[in-house]
Amino acid sequence: MQINYLRLLADLRRLAKFGQVGRGVHRLSFTPEDREARHWLLQRMTEAGLDAQIDGIGNVYGQTKGVDKAVLVGSHTDSVPNGGWLDGAMGVLYGLEIARARLEAGARTDLGIDVISFADEEGTYRALAGSLSFCGHLSEADVEVATNQQGKNLREALSEAGYAGRPRVTLDPSRHVAYLEGHIEQGPRLETEGKKIGIVTGIVGIRRCHVTCTGQADHAGTTPMHLRKDAGSALIKCCHDLIQRFEQVRSPDSVWNFGHIVFEPGAGNVVPSSARVLVEFRDVSEATLDRMQAEIQAAAATANGQGGVGVQSTELIRISPAEMDANLAAMIEVAARGRGVPSLRMPSGAGHDAMVLTRHIPTAMLFIPSIGGRSHDLAEDTDAADICLGIDVLADTIRSINRKI
Ligand code: GLV
Ligand code: MN
Ligand code: MN
């Protein structure tokens with residue numbers, strides 16, 4: 001099996017044209033550019049000789065024909081707003097290139113390579129929707145309630161895309177012997193520590209909450225300060241309190257983000273009648289996440305009623321931390337050593353489809369360095385040599401899986 005690096009890099013650059021913004025991409029799930037990218041990928045899989053389809057949730061899935069067992073390789077091709085060109089895309093095209101190289105080599109093995117681009121990993125509508133669907137964890141009711149920031153629901157988006165009503169592809173534990181996902185690190189550790197391959201030990205749990213303040217709109221020039229029911233100031237104070245509370249209960253790995261805030265009605269001369277912040281927090285330990293969540297509730301309860309403003313918190317998302325398969329991780333480590341490059345065992349602070357798959361089949365992830373640790377930004381990039389090294393290590397890992405089954 002001979003990996004064609006130039007073809008892999010050309011495919012990555014071609015995929016980055018869909019929704020291109022500068023050197024990055026703006027390719028939100030089910031937008032025209034995301035759908036065009038999916039269609040291009042479908043064609044590329046078919047040309048490679050895979051049995052390919054786009055399913056009822058938008059997953060692009062290419063199966064190796066004529067085999068009973070396969071390693072599933074993939075990731076996602078949607079992006080965050082103004083995201084990078086490699087986040088997700090690279091793991092999918094690693095799968096495509098390895099499957100293609102295997103078929104070109106005359107496919108002397110019975111172990112196939114199935115390739116998948118999971119829909120909406122980034123959560124424009126519902127984070128990890130494609131992998132949840134693939135593993136049987138996304139009901140029609142879930143599809144109904146998932147909405148984007150503009151209030152459009154996932155059902156409508158799927159209908160517009162022409163995917164609604166198609167069958168959904170599903171994991172076949174008797175066929176899929178393992179799931180492997182190659183990804184850029186999206187942080188600075190590999191680069192800082194001079195390592196080339198990250199071997200993911202586990203993936204953080206992720207929770208999101210809204211904290212909402214409800215006060216009263218008034219004229220911001222004429223209403224004396226002591227008479228205001230100012231939802232905006234109440235929310236700012238509550239967020240400040242929350243940061244201090246998080247500091248008290250955090251682990252060294254804990255992170256949090258106040259990623260989106262809205263003041264209504266949103267004018268300089270109107271006291272905000274309501275204000276809402278989206279708080280996300282992550283850790284590898286469920287117990288730490290529970291402690292952080294309790295602090296959100298306590299901060300809201302403490303602020304509630306002060307200055308005539310009601311404060312409440314609502315949980316939106318809860319994704320449990322996930323461990324990767326130790327045997328597969330060891331195989332990646334051996335493969336990296338075989339290529340003569342230093343590797344690092346590390347947790348992933350980013351969420352990935354692998355966290356869903358690992359509940360069902362042996363699953364592993366490898367990281368390659370991100371330049372400057374940058375990701376979820378147009379600036380995201382990785383050296384071409386590292387992209388090529390990553391696929392070599394992944395392909396070697398598949399070779400050793402093949403020898404073991
Ligand atoms: C995915 O990129 C995430 O970690 O939110
Ligand atoms: Mn991402
Ligand atoms: Mn990703």
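Counting starts at 1 for both ligands and their atoms, following the listed order. Residue numbers count from 1 along this sequence.
Ligand 1 lies out of reach of Gln186, whose nearest heavy atom is not under 4.0 Å from it.
Here the rule is salt bridge (charged side-chain N to carboxylate O under 4.0 Å, His left out) with Glu333, and of Lys195, Arg339, Arg345 only Arg345 fits it. Considering Leu132, Val143, Ile317, Asn148 in turn, Leu132 is the only one that fulfils the side-chain contact (heavy atoms from CB on, under 4.5 Å) rule with Arg126.
Ring geometry for Tyr125 against Phe30 counts as tilted: the plane angle lies between 30° and 60°, on a 0 to 90° scale. Note on ring orientation: taking the six-membered ring where Trp is involved, the planes of Phe367 and His183 are perpendicular (angle over 60°, cut-offs 30° and 60°). Classification of the Phe134-Phe118 ring pair by plane angle, with boundaries at 30° and 60°, yields perpendicular.
The shortest N or O to N or O distance between Arg282 and ligand 1 is below 3.5 Å. Residue contacts with ligand 1: Asp87 is placed with no nitrogen or oxygen under 3.5 Å of a nitrogen or oxygen of the ligand (distance criterion only).
Note on residues 294-311: pairs passing side-chain hydrogen bond (donor to acceptor under 3.5 Å, both in side chains), not counting sequence neighbours, are Arg245-Glu295, Arg245-Thr302.
For the Mn ion (ligand 3), the set of protein N/O/S atoms nearer than 2.8 Å consists of His76 NE2, Asp87 OD1, His183 NE2, ordered by chain and number.
When each atom of ligand 1 is checked for a heavy atom of Ala350 under 4.0 Å away, the hits are 4 (O). Here is the list of ligand 1 atoms found below 4.0 Å of a heavy atom in Glu122: 1 (C), 2 (O). Ligand-side atoms of ligand 1 in range of Gly351: 1 (C), 3 (C), 4 (O), range being under 4.0 angstrom from any heavy atom.
For the side chain to side chain contact (heavy atoms under 4.5 Å, CB included) test, residues two or more places apart in sequence or in another chain that qualify with Ala395 are Met1, Ile3, Ile98, Arg399. Looking at residues two or more places apart in sequence or on another chain, you find a side chain to side chain contact (heavy atoms under 4.5 Å, CB included) between Val284 and Val204, Asp253, Pro347.
Judged by distance alone, the side chains of His352 and Ser348 do bring a donor and an acceptor atom under 3.5 Å apart.
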